[in-house]
Amino acid sequence: MPEPSRPPGCRYTEDARLDARNTFGVAARAPLLVEIADAAALPAVLADPALRDDALLVLGGGSNLLFAGDAPGPVLALETRGMRVLADHGDFAIVRADAGASWDAFVRWTLSQGLAGLENLALIPGTVGAAPIQNIGAYGTEVRERIHVVEAFERDAGELRRMAPDRCAFAYRDSAFKREPDRYVVTAVEFALPRTPALRLDYAGIGEELAAMGVAGTPTPTQVADAVSRIRRRKLPDPAVLGNAGSFFKNPVVPAAQAEALQADDPSMPAFRGDDPATRKLSAAWLIDRCGWKGQRDGAAGVAASHALVLVNHGGATGAQLLGLARRIAASVQARFGVAIEPEPRIVGDRW
Ligand code: EPU
């Protein structure tokens with residue numbers, strides 16, 4: 001069969017290395033890597049029989065996945081990075097960024113436009129396209145609160161969809177895109193951002209950090225982003241220095257009665273209200289810390305010394321070793337507290 005014609009603006013690499021495309025920095029390969037610089041080429045690329053594969057993996061910044069083995073099928077990377085103001089309504093604006101744009105660069109760009117709302121999400125690794133997939137969140141804000149439209153290509157239908165937040169099934173670190181990873185490719189995200197900020201400074205540590213920065217009175221959104229970035233730099237290892245994927249486990253949600261029973265045993269255990277009032281969200285970091293894992297190592301795979309929720313690659317760890325460590329951590333939390341914890345990143349090449 002003749003090679004199908006390949007659309008312009010795309011680069012095809014066979015037997016590609018993915019080591020530099022995952023923030024854990026583990027070795028992994030893909031049978032085919034397609035890098036797309038123009039989203040308009042996406043329908044033609046996905047119509048290529050080589051990419052109709054069910055095992056197609058769409059890669060963002062590689063900051064929320066663990067290659068426990070090689071990618072089983074082709075890998076697609078969107079390299080589109082545009083950002084622009086679509087409509088300025090005075091007190092708020094609609095802005096749009098392409099899926100491949102760096103999330104933190106986008107947050108800083110919105111602030112430079114005088115727009116607020118994303119300051120608590122500064123310095124989260126990854127791309128704009130990945131943000132709605134796991135509904136990124138930090139310091140009391142989730143990205144779903146600011147999303148206007150997620151633009152996504154629905155693979156089976158071969159159509160571009162514009163999805164309002166109520167169609168995205170957003171929940172804590174979850175969305176329709178995460179639940180059905182083979183159905184959509186997120187191509188761009190639009191946000192509604194206010195010019196007059198309603199700042200959220202109540203999350204532990206932000207007020208103290210602003211004070212340490214010498215900020216008196218009401219801070220600007222940029223100062224809040226700076227404070228958040230300082231806290232993150234201190235608590236979370238920089239993936240460029242020590243391979244990691246941020247929080248490796250989601251905070252578990254349990255029935256309120258179970259949380260109360262655990263707190264009766266140890267009143268220092270943190271518990272927060274879940275989305276459903278009959279539930280409590282526990283701190284996975286605290287549970288793991290109590291099991292003695294913080295700073296532990298098993299060869300090159302380890303738990304960060306600065307935060308119990310972060311698994312790290314000290315250099316040369318394989319994805320399988322990191323997954324093995326994660327399973328042992330989860331088993332010890334289950335044995336000691338009777339609580340199941342689950343990974344936040346997507347596991348490729350194996351199952352949880
Ligand atoms: N804690 C410990 N030991 C530790 C770290 C934390 O016991 O080593 C306890 C403390 O009691 C602390 C509590 O855990 O008060 C919560 O810690 P933290 O404020 O760091 O928040 P987290 O629940 O561990 C979540 C997100 C982070 C986000 C922070 C800040 C998840 C899975 N993680 O972590 O997101 O940056 O809140 O808002 O929801 C990520 O998703 O990759 C991520 C880094």
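Basis for what follows: all heavy atoms, side chains included, without hydrogens, waters or symmetry-related copies. Counting starts at 1 for both ligands and their atoms, in listed order.
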Identify, for [atom], the protein heavy atom at the shortest distance, and state residue, atom and that distance.
atom	result
atom 2 (C) of ligand 1	Asp289 OD2, 3.5 Å
atom 12 (C) of ligand 1	Ser283 OG, 4.9 Å
atom 6 (C) of ligand 1	Ala285 CB, 3.5 Å
atom 23 (O) of ligand 1	Asn251 ND2, 2.9 Å
atom 24 (O) of ligand 1	His307 CE1, 3.2 Å

task: Please indicate, with yes or no, if any protein heavy atom is found under 4.0 Å from atom 15 (O) of ligand 1?
output: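 False for atom 15 (O) of ligand 1.
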message: Quick check on atom 10 (C) of ligand 1 - does any protein heavy atom sit closer than 4.0 Å to it?
response: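 It does not; no protein heavy atom is within 4.0 Å.
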Distance-only polar pair, side chains of Glu151 and Thr187, donor-acceptor under 3.5 Å: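 Yes.
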- prompt: If we ignore angles and hydrogens, is there a donor and acceptor under 3.5 Å between the side chains of Ser268 and Asp266?
  reply: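 There is such a pair between these side chains.
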Give the single entry among [options] that approaches [atom] most closely by any heavy atom.
atom	options	value
atom 8 (O) of ligand 1	Lys294, Met269, Gln134	Lys294
atom 31 (C) of ligand 1	Tyr139, Trp286, Tyr172, Trp293	Tyr172
atom 44 (C) of ligand 1	Gly246, Pro125, Ser247, Ser63	Ser247

Cationic N near anionic O, under 4.0 Å, [X] to [Y]:
X	Y	answer
Arg327	Asp350	yes
Asp15	Arg29	yes
Arg200	Glu119	no

task: Before giving the answer on salt bridge (charged side-chain N to carboxylate O under 4.0 Å, His left out), spell out for Arg21 and Glu35 the whole-Å C-alpha distance, their side-chain angles and the decisive distance to 0.1 Å.
output: CA-CA 12 Å; Arg21 287 189 172 266; Glu35 296 160 287; 2.5 Å; yes
- prompt: Against heavy atoms of Pro270, which atoms of ligand 1 measure under 4.0 Å?
  reply: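 So the answer, numbered in order with elements, is 11 (O).
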message: Only heavy atoms of Phe249, strictly under 4.0 Å: list the atoms of ligand 1 that pass.
response: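 Listed by number with element, the hits are 32 (C).
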message: Let's go through Asp276 and Lys281 carefully: what are the C-alpha distance in whole Å and the side-chain angles of both, what is the deciding distance for salt bridge (charged side-chain N to carboxylate O under 4.0 Å, His left out) to 0.1 Å, and is it a yes or a no?
response: CA-CA 10 Å; Asp276 170 348; Lys281 196 192 270 181; over 6 Å; no
message: Check this for me - ligand 1, Lys250, N or O atoms closer than 3.5 angstrom, yes or no?
response: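 For ligand 1, there is no N or O atom that lies under 3.5 Å from one belonging to Lys250.
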query: For Ala308 and ligand 1, does the shortest N/O to N/O distance drop below 3.5 Å?
result: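 Yes, Ala308 has an N/O under 3.5 Å of an N/O on ligand 1.
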task: Could you establish whether Arg173 and ligand 1 come within less than 4.0 Å of each other, counting only heavy atoms on the residue side?
output: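 The answer is yes, since Arg173 has a heavy atom less than 4.0 Å from ligand 1.
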message: Check for me whether Phe248 has a heavy atom closer than 4.0 Å to any atom of ligand 1.
response: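 In this structure, Phe248 fails to qualify as a contact of ligand 1 - no heavy atom is under 4.0 Å.
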task: For the pair Asp174 and Lys250, evaluate salt bridge (charged side-chain N to carboxylate O under 4.0 Å, His left out) and give the outcome as yes or no after the intermediate values.
output: CA-CA 10 Å; Asp174 199 19; Lys250 290 191 274 192; 5.8 Å; no
message: Taking the cut-offs as 6.0 angstrom to the six-membered ring centre and 45 degrees off its axis, would you call Arg290 and Phe337 a cation-pi pair?
response: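 Pair Arg290/Phe337 does not count as cation-pi.
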query: For the atom pair CZ (Arg108) and CZ (Phe106), what is the distance rounded to the nearest 0.5 Å?
result: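 Arg108 CZ to Phe106 CZ: 13.5 Å, rounded to 0.5 Å.
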- prompt: Is it the side chain, the backbone, both or neither of Tyr203 that has a heavy atom closer than 4.0 Å to ligand 1?
  reply: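 Side chain only; the backbone of Tyr203 stays clear of ligand 1.
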- prompt: Where does Arg232 meet ligand 1, judged by heavy-atom distances below 4.0 Å: at the side chain, the backbone, both, or neither?
  reply: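 For Arg232, only side-chain atoms sit under 4.0 Å from ligand 1.
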message: Please give me the minimum heavy-atom distance between Asp275 and Tyr172, naming the atom from each residue.
response: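 Looks like OD2-N, 4.2 Å.
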